[in-house]
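Working notes for the structure below.
Labels below follow one simple rule: chain letters A, B, ... track the order of the sequence lines, proteins then strands, and each chain is numbered from 1. All values reported here derive from a predicted model rather than from experimental measurement.
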There are 2 protein chains.
Amino acid sequence: MTAPYFAEVAALMGDPARANILAALMDGRAQTAKELAFVAGVSAPTTSGHLAKLVAGHLLAVEVQGRHRYYRLADPLVAAALEGVMALAAHGPRRHRPHAPGDAELRHARTCYDHLAGEVGVDLLSGLLGRGHLAPGPRDYRVTSAGAALLAEIGVDLAQAARQRRGFARPCLDWSERRPHLAGALGAALTARFFEKGYLARRRDTRAVTITPAGRRMFRERFGIDA
Amino acid sequence: MTAPYFAEVAALMGDPARANILAALMDGRAQTAKELAFVAGVSAPTTSGHLAKLVAGHLLAVEVQGRHRYYRLADPLVAAALEGVMALAAHGPRRHRPHAPGDAELRHARTCYDHLAGEVGVDLLSGLLGRGHLAPGPRDYRVTSAGAALLAEIGVDLAQAARQRRGFARPCLDWSERRPHLAGALGAALTARFFEKGYLARRRDTRAVTITPAGRRMFRERFGIDA
DNA sequence: ACGAGACTTCGGCCGCCGCCGAACCGATCG
DNA sequence: CGATCGGTTCGGCGGCGGCCGAAGTCTCGT
């Protein structure tokens, strides 16, 4: 009856070019219109139109810097909604897609907006819980004293993460593993630290991340997981 | 580049008529093609086409019963994905929509697929947690011995709920409250019991549910919440 | 066996929207 | 200042897809 509301949002996600753009921005980094035109596979004018629509629909935010315009996801909620739809798409009996190249890497380790996802991300969260560094709470996970010590060693500023306006330590359903990984301010801070210390390395044009040898060692020693 | 996958799913959700259909099925009940044609606001042939697409896309499942065809959501994951998109739509700076009639009722108490959502659903979960009937766990909530006693009094068969293939007791982000309510087999079993015992009553043509006087009393006594 | 009802298939219409090339605006750099 | 580059706006084209009415299939009731 009353035109359901979410249809507009879903329609925005439903165009192939726009979906490519959104997928490219799922790693939380901002990108210029030109870069996005490339990933979208359409011309610059067409891309511009799509971007305008996505901004109008509050899926993207734009930041002007000189003659560049950087687009990024407007809100972690957008990433969450996209992951939900992806989970659905991934789950549906495989549509004629043996698996795309790079798919294995993506399933193994990738960024989800600004935190770590994929097999490694899921293992990380269950490792933290299993070793008693994190304890489940009613809404957010709670950092135990053992966990606080561990995170301090790694150099994560817990106080700052707790101050953020976003949720502190939330589960986020992983579309490939169908089990949660660690999201929220803590997930983001931890992941950022992994990049800073060279445990993880971004790759060009993909959300998949490389785990460096140092990272592999660290994951085993600190969290007891085989990355 | 590689056509992103989830675009097809999002596009299925993005048509107004189909969105109406999906929204109508969000309460977990199955409905006939004719009923759905009505809620979709389009003719029977058009509806038939939409339904076929939704089934092909694995968003809906169909069950033939005599000369009727009952359509329902194919999987709880579909409901979860839809809630995610709804959360996004509800959150985006209110689009020229002061609030639709019935909106208040919907926010207060409604079914989300097959479990209770809205203000009451969220309060129910936090009540269960606060009173120590449910304890957070790594994936599912755990029923404490006190909780098991309470649920037995109400007549919920815990063993049967635990046997189900779906998750046992999961949080589900509530789009109107933006806090989790209780989903999974336990959420469904509890909600079903509420309907059986006449604590809740369904209404026609809406996911909003009525809380009966007996239900109001029960919610206060058993769970300490003002419904 | 017949008619009614539920649902789908078919055929054709129409409008929306995605697409591009060309032109336009503004910032940067020589 | 002109040249270049990033980005958007404009105008026009083309096709996908949603829509309906009519006709077809199947099931049930009687």
Side-chain angles (χ1 to χ4, degrees), chain A residues 1-25 29-57 59-72 74 95 205, chain B residues 1-25 29-57 59-72 74:
Chain A
M1 218 87 247
T2 145
Y5 219 16
F6 69 88
E8 307 167 26
V9 176
L12 284 174
M13 299 176 177
D15 173 82
R18 284 194 296 261
N20 273 317
I21 291 172
L22 290 168
L25 293 174
R29 285 182 284 190
Q31 299 199 44
T32 66
K34 195 172 201 188
E35 292 170 316
L36 293 172
F38 178 75
V39 299
V42 294
S43 74
T46 301
T47 303
S48 183
H50 284 311
L51 291 171
K53 281 177 190 169
L54 289 168
V55 169
L59 294 194
L60 297 188
V62 59
E63 200 171 337
V64 183
Q65 234 172 74
R67 58 180 165 184
H68 295 277
R69 288 178 165 229
Y70 284 92
Y71 290 88
R72 57 180 175 76
R95 297 136 142 40
D205 303 327
Chain B
M1 216 90 246
T2 146
Y5 218 20
F6 69 89
E8 306 167 27
V9 176
L12 284 174
M13 299 176 177
D15 174 81
R18 285 193 296 261
N20 274 316
I21 290 172
L22 290 167
L25 293 174
R29 284 181 286 189
Q31 299 197 45
T32 66
K34 198 176 199 185
E35 292 170 316
L36 293 172
F38 178 75
V39 300
V42 294
S43 73
T46 301
T47 303
S48 183
H50 284 311
L51 291 172
K53 282 178 191 170
L54 288 169
V55 169
L59 295 194
L60 296 189
V62 60
E63 199 172 337
V64 182
Q65 232 171 74
R67 56 182 163 181
H68 295 277
R69 287 177 166 230
Y70 284 92
Y71 290 88
R72 59 178 173 78

Between [X] and [N], is there a side-chain N or O to OP1/OP2 distance below 4.0 Å?
X       : N      : answer
B:Arg67 : C:dA4  : no
A:His50 : C:dC17 : no
B:Tyr71 : C:dA6  : no
B:Lys53 : D:dG17 : no

Nearest 0.5 angstrom please: [X] [atom1] to [Y] [atom2], how far?
X       : Y       : atom1 : atom2 : value
B:Gln31 : B:Leu60 : CD    : CG    : 11.0 Å
A:Leu22 : A:Leu36 : CG    : CG    : 9.5 Å
A:Tyr71 : A:Glu35 : OH    : CD    : 12.5 Å
A:Gln65 : A:Thr32 : CD    : OG1   : 11.0 Å
A:Asn20 : A:Asp15 : CG    : CG    : 9.0 Å

ask   = Picking from D:dT9, D:dC19, C:dA6, which would you name as closest to the side chain of A:Ser48?
value = D:dT9
inquiry  = Can you tell me which nucleotide in C:dT8, C:dC7, C:dG18 comes closest to the side chain of B:Thr32?
reply    = C:dC7
task = Please name the residue in the list A:Leu25, A:Val62, A:Ile21 that meets the side chain to side chain contact (heavy atoms under 4.5 Å, CB included) test with A:Leu54.
result = A:Ile21
Taking atom [atom2] of [N] as reference, at what distance in whole Å does atom [atom1] of [X] sit?
X       : N      : atom1 : atom2 : value
A:Lys34 : C:dG26 : NZ    : C1'   : 16 Å
B:His68 : C:dT8  : NE2   : C1'   : 15 Å
A:Leu51 : D:dT9  : CG    : P     : 11 Å
A:Leu36 : D:dT8  : CG    : P     : 10 Å
B:Glu63 : D:dT27 : CD    : C1'   : 17 Å
B:Arg69 : D:dC28 : CZ    : P     : 13 Å
A:Gln65 : C:dT28 : CD    : P     : 11 Å
A:Ile21 : C:dG18 : CD1   : P     : 11 Å

ask   = With sugar-phosphate meaning primed atoms plus P, OP1 and OP2, does B:Thr47 contact a base, only sugar-phosphate, or nothing at under 4.0 Å between heavy atoms?
value = nothing
task = Compute the bend angle of the helix from C:dA1-D:dT30 to C:dG30-D:dC1 from the end axes (five pairs per end), rounded to 10°.
result =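 Roughly 30° between the end axes, to the nearest 10°.
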key: Position toward the 5' end of DNA chain C (nearest nucleotide), A:Val42 or A:Gly66   = A:Val42
ask   = More 5' along DNA chain C: A:Ala11 or B:Thr46, using each one's nearest nucleotide?
value =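 First, find each residue's nearest nucleotide; the 5'-ward one identifies B:Thr46.
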query = So, does A:Arg18 use its side chain to make a donor-acceptor pair with the main chain of A:Leu12 at under 3.5 Å?
reply =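 Confirmed, A:Arg18 side chain pairs with A:Leu12 backbone.
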